[in-house]
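One is the number of the first residue; the rest follow in order along the sequence.
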Amino acid sequence: MDRKKNVPKIRFQNFEAEWLDSTIGRHISLLNGRAYKQEELLDEGRYKVLRVGNFNTNSKWYYSNLELEENKYVNKGDLLYLWATNFGPEIWTEEKAIYHYHIWKLEFDRTEINQDYLNIWLESDKKKIQQNTNGSTMVHITKTMMEERGISLPNFDEQSAIGSLFRTLDDLLVSYKDNLANYQSLKATMLSKMFPKAGQTVPEIRLDGFEGEWEIVKLGDNCRIITGGTPKTGVKEFWNPKEIPWMSSGEINKKILNETEEMISQIGLENSSAKWVKQNSVLIALAGQGQTRGRVAINKIPLTTNQSIAAIETNSCIDFLFLYSDLERRYDELRLISSGDGTRGGLNKTIISSLELNLPAIDEQQAIGSYFSNLDNLINSHQEKISQLETVKKKLLQNIFI
């Protein structure tokens with residue numbers, strides 16, 4: 001029987017040699033940082049003090065004026081490894097800093113191992129690391145355990161090619177995530193400024209070409225508000241054949257409904273409180289687990305809903321995209337006015353009908369609705385691209401590393 005070759009499932013062309021089995025400790029020195037006394041941590045100082053929480057949470061940054069031996073500092077581009085509680089490699093991207101004892105700085109022979117390759121290999125190994133940890137109060141991996149971990153090494157050129165591939169993927173992910181955060185921040189800012197504040201009749205920021213005061217109206221006086229229903233689940237004829245789109249409250253988080261996860265029959269519609277809702281209505285969750293209550297969505301197809309959703313069909317005086325943006329920004333307000341206590345309350349048709357809207361002329365509504373719709377499209381496209389890149393990266397990690 002032929003010996004199975006030590007090679008990955010997916011490989012760059014022109015590389016054929018088998019990968020070598022080695023251990024991390026043969027190529028890398030793991031240098032601990034320094035433990036600090038509380039009085040040594042300052043609100044301002046010469047050096048940042050890098051702690052585990054600064055990578056994974058919004059933990060406060062501390063500073064220090066201590067002058068230490070050089071191996072207690074990290075410099076831009078250094079590869080680090082978090083070995084307690086949170087595990088995994090990180091590349092330091094800022095200027096010189098002091099690093100904490102729960103972090104290793106990795107020093108290695110650059111003629112045998114490529115840093116980008118080592119970084120992505122350590123990332124691929126994180127789950128296995130977590131299955132071989134010590135401690136109960138502070139889960140960690142020991143230096144000896146890490147030094148003895150096996151690593152598969154192709155030749156240096158192939159390492160460089162693999163490392164470059166994943167560095168490019170990571171750079172793309174960072175770029176898309178930064179842009180996504182910027183678009184989300186812009187949307188939040190504009191939602192707070194492009195609608196009048198309480199007691200006012202004009203917004204702080206206005207699109208060019210529009211003027212005049214906005215009018216206050218009640219939602220129920222200008223829209224048809226429909227609540228749905230659920231056919232009896234025990235009656236098969238109500239759910240088959242699958243003829244009519246039927247939306248559950250959990251689907252509100254899709255924001256844009258082009259299809260539903262479930263469908264009911266014509267007989268099911270006729271024997272329940274479910275009602276047809278015309279397309280381009282604004283849907284609002286009246287109840288739901290967690291943060292669902294008060295969320296809004298738009299249906300791009302005619303559909304029916306369950307009883308935990310109210311559908312708002314607008315008339316010629318209200319633009320549906322404008323209304324969607326207005327209700328989206330008022331999520332916290334909708335949660336507060338829900339009937340019942342703060343955690344188990346619910347909205348209802350009466351509450352929704354009595355909501356007051358600040359309305360400009362229809363052409364300004366349409367311009368505002370279009371502005372936020374375009375922002376949503378940018379946000380959605382970035383979220384989709386991030387998801388695609390993360391899927392590609394995951395599959396490559398599974399198939400490149402032995």
May I ask you to decide if [Y]'s main-chain N or O and [X]'s side chain share a donor-acceptor pair within less than 3.5 Å?
{"X": "Arg206", "Y": "Glu211", "result": "yes"}
{"X": "Asn299", "Y": "Ser281", "result": "yes"}
{"X": "Arg293", "Y": "Leu347", "result": "no"}
{"X": "Glu237", "Y": "Ser265", "result": "no"}
{"X": "Ser185", "Y": "Ala181", "result": "no"}
{"X": "Glu251", "Y": "Glu261", "result": "yes"}
{"X": "Gln365", "Y": "Pro360", "result": "yes"}
{"X": "Asn6", "Y": "Glu18", "result": "no"}
{"X": "Ser353", "Y": "Lys349", "result": "yes"}
{"X": "Ser164", "Y": "Ser160", "result": "no"}

Query raised in the report: What do the steps show when you test Trp61 against Asn54 for side-chain contact (heavy atoms from CB on, under 4.5 Å), and what is the final call?
Result: CA-CA 7 Å; Trp61 280 102; Asn54 297 124; 3.6 Å; yes
**Report entry** Counterpart residues, ring pair (Phe, Tyr, Trp, His ring centres under 6.0 Å), relative to Tyr117 (two or more places apart)
**Finding:** Phe401
Requested in this report: Could you tell me which residues satisfy ring pair (Phe, Tyr, Trp, His ring centres under 6.0 Å) with His382, sequence neighbours excluded, listed by chain and number?
Outcome: Tyr176, Tyr183
So, do [X] and [Y] sit near enough that their side-chain heavy atoms are less than 4.5 Å apart?
{"X": "Leu153", "Y": "Gln159", "result": "yes"}
{"X": "Leu219", "Y": "Ile312", "result": "yes"}
{"X": "Ile91", "Y": "Arg167", "result": "yes"}
{"X": "Leu106", "Y": "Ile24", "result": "no"}
{"X": "Gln291", "Y": "Arg295", "result": "yes"}
{"X": "Phe166", "Y": "Ile400", "result": "yes"}
{"X": "Met190", "Y": "Ile368", "result": "no"}
{"X": "Lys193", "Y": "Thr189", "result": "yes"}

**Report entry** Polar side chain donor-acceptor pair, Lys300 to Asn280, under 3.5 angstrom
**Finding:** yes
**Report entry** Donor on one side chain, acceptor on other, Gln266 and Glu270, under 3.5 Å
**Finding:** yes
Query - Pair Lys254-Glu259, salt bridge (Lys or Arg N to Asp or Glu O under 4.0 Å): steps then yes or no - result: CA-CA 10 Å; Lys254 294 178 180 178; Glu259 61 181 2; 6.0 Å; no
Query raised in the report: When you look at Glu67 and Arg46, which way does the salt bridge (Lys or Arg N to Asp or Glu O under 4.0 Å) test go after all the steps?
Result: CA-CA 10 Å; Glu67 294 295 338; Arg46 183 176 179 185; 2.5 Å; yes
Query raised in the report: Leu80 and Phe55: side-chain contact (heavy atoms from CB on, under 4.5 Å), yes or no, with the steps?
Result: CA-CA 11 Å; Leu80 311 175; Phe55 280 117; 3.9 Å; yes
What's the shortest heavy-atom distance between [X] and [Y], and which atoms?
{"X": "Ser124", "Y": "Leu397", "value": "CB-CD2, 3.8 Å"}
{"X": "Pro196", "Y": "Gln200", "value": "CB-O, 3.5 Å"}
{"X": "Tyr99", "Y": "Lys72", "value": "CD2-O, 3.2 Å"}
{"X": "Ala285", "Y": "Thr292", "value": "CB-O, 3.4 Å"}

Query - Stepwise salt bridge (Lys or Arg N to Asp or Glu O under 4.0 Å) test for Lys255 and Asp376 - result: CA-CA 10 Å; Lys255 297 187 178 181; Asp376 283 338; 5.9 Å; no
Are there more than 12 heavy atoms of other residues, nucleotides or ligands under 6.0 Å from atom [atom1] of [X]?
{"X": "Gln279", "atom1": "CD", "value": "yes"}
{"X": "Glu44", "atom1": "CD", "value": "no"}
{"X": "Gln13", "atom1": "CD", "value": "no"}
{"X": "Asn374", "atom1": "CG", "value": "yes"}

Requested in this report: Could you give me the CA-CA distance, side-chain angles and deciding distance for Trp121 and Ile151, then say whether side-chain contact (heavy atoms from CB on, under 4.5 Å) is met?
Outcome: CA-CA 8 Å; Trp121 186 88; Ile151 183 171; 3.6 Å; yes
Report task. Please step through salt bridge (Lys or Arg N to Asp or Glu O under 4.0 Å) for the pair Glu40 and Arg34, ending with a clear verdict. Result -> CA-CA 11 Å; Glu40 295 176 333; Arg34 187 178 184 278; 2.9 Å; yes
Ionic contact status for [Y] with [X], cut-off 4.0 Å:
{"X": "Glu262", "Y": "Lys242", "value": "yes"}
{"X": "Glu148", "Y": "Lys143", "value": "no"}
{"X": "Lys76", "Y": "Glu94", "value": "no"}

Query raised in the report: Can a cation-pi geometry be assigned to Lys96 and Tyr73, taking NZ or CZ under 6.0 Å from the six-membered ring centre and within 45° of the ring axis?
Result: yes
Report summary line: Those residues at least two apart in sequence (or on a different chain) that pass salt bridge (Lys or Arg N to Asp or Glu O under 4.0 Å) with Lys385 are none
Query raised in the report: Partners of Asp319 by salt bridge (Lys or Arg N to Asp or Glu O under 4.0 Å), sequence neighbours excluded?
Result: none
Query raised in the report: What do the steps show when you test Trp83 against Tyr101 for ring-ring contact (aromatic ring centres under 6.0 Å, His included), and what is the final call?
Result: CA-CA 9 Å; Trp83 57 264; Tyr101 181 75; 5.6 Å; yes
Requested in this report: Just grab all the salt bridge (charged side-chain N to carboxylate O under 4.0 Å, His left out) pairs involving residues 272-283, residues at least two apart or on different chains.
Outcome: none
Query raised in the report: Any ring-ring contact (aromatic ring centres under 6.0 Å, His included) pairs touching residues 184-211, not counting sequence neighbours?
Result: Phe195-Phe322
Requested in this report: Take His27 and Glu147 through the side-chain contact (heavy atoms from CB on, under 4.5 Å) test and state the conclusion after the steps.
Outcome: CA-CA 9 Å; His27 310 277; Glu147 289 170 340; over 6 Å; no
